[in-house]
Amino acid sequence: LAGQRSSYARHECIGGAVMEMVDGVHDRDAWAKAKPRYLPPDDPLMPCDAGFMPEDARPLCYTYLSKRFFEVAGIPDFVGIPPVSAVRQVFSLCNLIPEGQESERESCWGGAGEEFVASAMNRDIRNIEDISDADLTHVHEWCALAPHREAQESCIMAARTNLFWGGENDPRAAIALCRLTEDPVIRDACYRKLTNDALYFLGKTPAIFRVCVNLPEPHRSFCLVNGT
């Protein structure tokens with residue numbers, strides 16, 4: 001039904017449903033009874049790989065399933081510095097998604113990046129613009145444990161998206177994450193995608209200028225020409 005209204009409504013509906021399956025925030029008793037069915041211990045990809053999950057909804061599902069992967073790896077709601085072996089296990093669960101399902105695998109690796117931002121801030125993201133360079137460096141270090149470059153880039157791009165959040169957050173944190181990216185190709189992609197997001201969400205508004213002037217060239221000029 002949400003899909004008949006708008007893609008945004010569908011996104012919010014699917015994401016909210018998966019988060020409720022994972023966390024059971026609203027009714028813990030009902031969640032505990034249903035958990036073995038929807039989150040069986042022998043299939044860490046459930047409910048995203050279930051037959052009832054629409055194929056085009058699975059990438060989004062894997063984004064929100066990331067918290068379960070941390071639970072399976074033995075670090076639910078982790079804060080501080082997690083064991084390297086546990087982070088590697090989180091990424092290994094993404095590799096259970098069959099090759100060829102690239103959108104699903106990319107979303108899975110990205111979901112880890114979103115979790116890393118919250119963890120680096122001790123799960124208190126009320127002032128996300130105040131995240132320190134040291135915390136952002138941790139995010140990069142954890143993403144670097146992904147099995148290959150594409151997975152690492154997906155992890156970093158999702159962390160950037162989480163920091164920028166459609167222009168609702170102060171852009172300094174997302175810009176800093178890009179700046180601290182060591183791989184020059186991924187760093188350029190980070191700035192490019194941040195620029196595109198800023199133009200989409202903030203273009204032709206006063207807020208776009210604050211993003212543009214803090215970008216390096218050539219992204220700064222592109223942003224100013226197209227967004228102001």
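When reading the values below, keep in mind they use all heavy atoms of this one structure, side chains included, and skip hydrogens, waters and symmetry mates.
- The shortest non-hydrogen separation linking D130 to R172 is OD1-NH2, 4.5 Å.
- For E153 (side chain) and A151 (main-chain N/O), no donor-acceptor pair under 3.5 Å exists by modelled atom type.
- Screening residues 125-152 for ring pair (Phe, Tyr, Trp, His ring centres under 6.0 Å), with sequence neighbours left out, gives F78-W142, W109-H148, F116-W142, H138-W142.
- Of all heavy-atom pairs spanning Q89 and V72, the tightest one is NE2-O, 3.7 Å.
- Put simply, the side chain of I208 reaches to within 4.5 Å of the side chain of C223, judged on heavy atoms.
- Looking at R192 and D188, a side-chain N of the basic residue comes within less than 4.0 Å of a carboxylate O on the acidic one, giving a salt bridge.
- R105 places a side-chain N or O within 3.5 Å of a backbone atom of I97 that can act as its donor or acceptor partner.
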Side-chain donor/acceptor pairs under 3.5 Å, residues 40-52, sequence neighbours excluded:
{"from": "D43", "atom 1": "OD1", "to": "L45", "atom 2": "N", "distance (Å)": "3.1"}
{"from": "D49", "atom 1": "OD1", "to": "M46", "atom 2": "N", "distance (Å)": "3.4"}

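- Judged purely by atom type and a 3.5 angstrom limit, N226 uses its side chain to pair as donor or acceptor with the backbone of F222.
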Criterion side-chain hydrogen bond (donor to acceptor under 3.5 Å, both in side chains) on S221 and E217, from CA distance to verdict: CA-CA 6 Å; S221 295; E217 293 292 356; 2.8 Å; yes
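- Between the T63 side chain and the P59 main chain, a donor and an acceptor come within less than 3.5 Å of each other.
- Side-chain contact between L194 and L177 is absent, with no heavy-atom pair separated by less than 4.5 Å.
- The side-chain hydrogen bond (donor to acceptor under 3.5 Å, both in side chains) search around K67 returns D23, D77, not counting sequence neighbours.
- Although no hydrogens or angles enter the test, the distance criterion places no donor-acceptor pair under 3.5 Å between the side chain of R160 and the main chain of A174.
- Hydrophobic clustering (side-chain heavy atoms under 4.5 Å, transitive across Ile, Leu, Val, Met, Phe, Trp, Tyr) keeps M53 apart from Y62.
- Side-chain atoms of N169 and E129, non-hydrogen and from C-beta on, never get closer than 4.5 Å to each other.
- Within the 4.5 Å cutoff, side-chain heavy atoms of M157 are placed close to those of C190.
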